[in-house]
Asks: 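Input: one structure, supplied below.
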Amino acid sequence: MSKLSNQRYSGRSTLWIADASTSGFGACPFLRSIEKQNNAHCTLIFDELRAAPIKATTIPRLEQQAALLAAKQTAVLTEELQLDDKCYL
């Protein structure tokens, strides 16, 4: 991946979207690459969803769980893809 960055891309970053509702929560990382011609490309890497607990839980609590899920994904992706790029949660 670093060879791709040097040849074709002038920069890249990892973006996470995390959200929650009364029925569940989830997080998904995107890889955003900017070509040397200033064209941007966003690619979904994967997504992870979880059902909300049966016991009633507040939306802010579920939002926290979605943010925690995104933080755990950050650790996994940084290690697996050997990312040293900027990361935005």
Side-chain angles (χ1 to χ4, degrees):
M1 211 176 227
S2 60
K3 290 180 183 176
L4 266 174
S5 180
N6 292 336
Q7 293 173 3
R8 183 174 172 187
Y9 298 104
S10 61
R12 57 178 196 193
S13 57
T14 310
L15 310 163
W16 266 261
I17 296 178
D19 199 16
S21 71
T22 55
S23 58
F25 61 93
C28 52
F30 290 86
L31 184 64
R32 182 176 186 265
S33 303
I34 301 174
E35 290 183 343
K36 293 187 178 181
Q37 296 84 13
N38 287 331
N39 296 328
H41 297 279
C42 288
T43 305
L44 174 67
I45 300 173
F46 67 91
D47 61 351
E48 190 171 349
L49 305 170
R50 304 249 171 102
I54 295 173
K55 183 179 175 184
T57 307
T58 63
I59 297 293
R61 170 76 60 161
L62 292 172
E63 290 282 350
Q64 279 183 329
Q65 289 179 334
L68 178 63
L69 185 62
K72 288 179 180 178
Q73 289 176 352
T74 303
V76 170
L77 278 180
T78 302
E79 182 179 334
E80 291 294 322
L81 298 180
Q82 299 173 351
L83 295 175
D84 55 352
D85 303 328
K86 296 176 185 173
C87 175
Y88 301 98
L89 289 174

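One-based numbering along the sequence shown.
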Asks: Do Phe46 and Leu31 belong to the same hydrophobic cluster, where Ile, Leu, Val, Met, Phe, Trp and Tyr are linked whenever their side-chain heavy atoms lie under 4.5 Å apart, directly or via other members?
Replies: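 In one cluster with Phe46: Leu31, yes.
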Asks: Taking all heavy atoms of Gly26 and all of Ala66, pick out the closest pair and write down the distance.
Replies: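 Distance-wise, the nearest heavy atoms are O-CB, 3.8 Å.
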Asks: Restricting to side chain to side chain donor-acceptor pair (under 3.5 Å), what partner residues turn up for Ser23, sequence neighbours left out?
Replies: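 Scan of Ser23 (side chain to side chain donor-acceptor pair (under 3.5 Å), adjacent residues dropped) gives Ser21.
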Asks: Who passes side chain to side chain contact (heavy atoms under 4.5 Å, CB included) against Ala52, sequence neighbours left out?
Replies: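 Checked Ala52 against side chain to side chain contact (heavy atoms under 4.5 Å, CB included); matches are Leu62.
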Asks: Can you sort out the partners of Leu44 under side chain to side chain contact (heavy atoms under 4.5 Å, CB included), two or more places apart, ordered by chain and number?
Replies: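 Checked Leu44 against side chain to side chain contact (heavy atoms under 4.5 Å, CB included); matches are Cys28, Phe30.
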Asks: Hey, does Thr57 have a side-chain heavy atom less than 4.5 Å from the side chain of Phe25?
Replies: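 When only atoms from C-beta onward are counted, Thr57 and Phe25 do not touch, as no gap falls below 4.5 Å.
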Asks: Tell me, please, which residues at least two apart from Glu48 pass side chain to side chain donor-acceptor pair (under 3.5 Å).
Replies: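 If we apply the side chain to side chain donor-acceptor pair (under 3.5 Å) test to Glu48, skipping adjacent residues, the hits are Arg50, Gln73.
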Asks: Restricting to pairs with a member in residues 53-69, which pass salt bridge (charged side-chain N to carboxylate O under 4.0 Å, His left out), not counting sequence neighbours?
Replies: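 For residues 53-69, and leaving out neighbouring residues, there are no salt bridge (charged side-chain N to carboxylate O under 4.0 Å, His left out) pairs at all.
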Asks: How many angstroms lie between atom CG of Leu49 and atom CG of Leu69, to the nearest 0.5 angstrom?
Replies: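 Output value for this atom pair is 8.5 Å.
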